[in-house]
Amino acid sequence: SAVISQKPSRDICQRGTSLTIQCQVDSQVTMMFWYRQQPGQSLTLIATANQGSEATYESGFVIDKFPISRPNLTFSTLTVSNMSPEDSSIYLCSVELPTDTQYFGPGTRLTVL
Amino acid sequence: DAKTTQPPSMDCAEGRAANLPCNHSTISGNEYVYWYRQIHSQGPQYIIHGLKNNETNEMASLIITEDRKSSTLILPHATLRDTAVYYCIVRVLGIYNQGGKLIFGQGTELSVKP
């Protein structure tokens with residue numbers, strides 16, 4: 001398994017501002033993923049972040065709104081830009097291990113006022 | 001869109017086996033069946049996965065039908081802490097940079113009652 005941490009665990013932000021969420025894993029991994037879970041909904045994949053290449057975004061998500069960095073094999077950040085109340089969600093990162101399993105972080109609960 | 005169908009909710013008595021069904025009638029030959037669960041306000045937790053053979057680990061058993069069009073996750077002795085949303089996901093493996101996607105459906109909300 002993998003130990004994954006996210007910072008911050010929760011935040012309350014004003015509309016129009018940006019928040020950067022950090023994801024740290026205790027081992028080197030090639031593939032990391034970012035998901036969003038809106039209130040009462042299931043998880044939706046935002047993007048795949050591989051070290052050394054540009055992130056690959058899913059339909060409906062764009063780099064200008066959700067820029068992602070992947071500077072090394074244990075760390076990634078997701079920025080939620082120019083936030084609106086509709087961005088209030090739980091944001092989760094996950095990592096893919098060589099055992100063909102994905103493990104998830106605890107999530108960042110974002111509230112936008 | 002998710003390629004699986006699950007009942008939206010189920011109840012189970014504490015100490016009894018919880019049997020969670022999943023329909024994946026359009027599954028391809030190279031797609032695996034994965035199960036995750038999400039306890040309220042936590043990140044999803046990996047449970048088990050399989051291709052065509054039945055699988056068992058310390059958490060659960062996965063029974064896949066011979067035609068692979070459906071499967072059942074079995075929690076042999078459910079406890080109150082097993083109350084969660086359970087997600088059944090089909091996923092391709094082995095394709096670099098493409099095999100990682102997990103597409104979550106709505107899952108089954110399992111309530112374990114005393």
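The sequence lines fix the lettering, A, B, ..., with proteins before strands; numbering per chain opens at 1.
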* Asked: Can you list the other members of the hydrophobic cluster that holds L110(B), where links are side-chain heavy atoms under 4.5 angstrom apart?
  ->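 For the cluster that includes L110(B), the remaining residues are M10(B), L20(B), I27(B), V33(B), W35(B), I47(B), I48(B), M59(B), L62(B), I64(B), L73(B), L75(B), L80(B), Y86(B), V90(B), V112(B).
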
Distance-only donor-acceptor check, side chains [X] and [Y], under 3.5 Å:
X      : Y      : value
T30(A) : Q51(A) : no
Q37(A) : Q38(B) : yes
S81(A) : T79(A) : no
S69(A) : T77(A) : yes

* Residues in residues 104-113 of chain A near chain B [non-hydrogen atoms, under 4.5 Å] ->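 Residues of residues 104-113 of chain A touching chain B at under 4.5 Å: F104(A), G105(A), P106(A), R109(A).
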
For [X], which atoms come within 4.5 Å of any heavy atom of chain B: side chain, backbone, both, or neither?
X      : result
E58(A) : side chain
S9(A)  : neither
L43(A) : both

* Any ion pair linking R91(B) and D100(A) (charged N to carboxylate O, less than 4.0 Å)? ->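 The answer is no: the pair does not qualify as a salt bridge.
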
* **Partners meeting side chain to side chain donor-acceptor pair (under 3.5 Å) with S1(A) (sequence neighbours left out)** => none

* To do: Mind jotting down which residue pairs meet the salt bridge (Lys or Arg N to Asp or Glu O under 4.0 Å) criterion with at least one end in residues 76-88 of chain A? Sequence neighbours excluded, please.
  =>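 Residue pairs passing salt bridge (Lys or Arg N to Asp or Glu O under 4.0 Å), neighbours aside: K65(A)-D87(A).
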
* Asked: Is chain A contacted by the side chain of Q45(B), its backbone, both, or neither, given a heavy-atom distance below 4.5 Å?
  -> neither

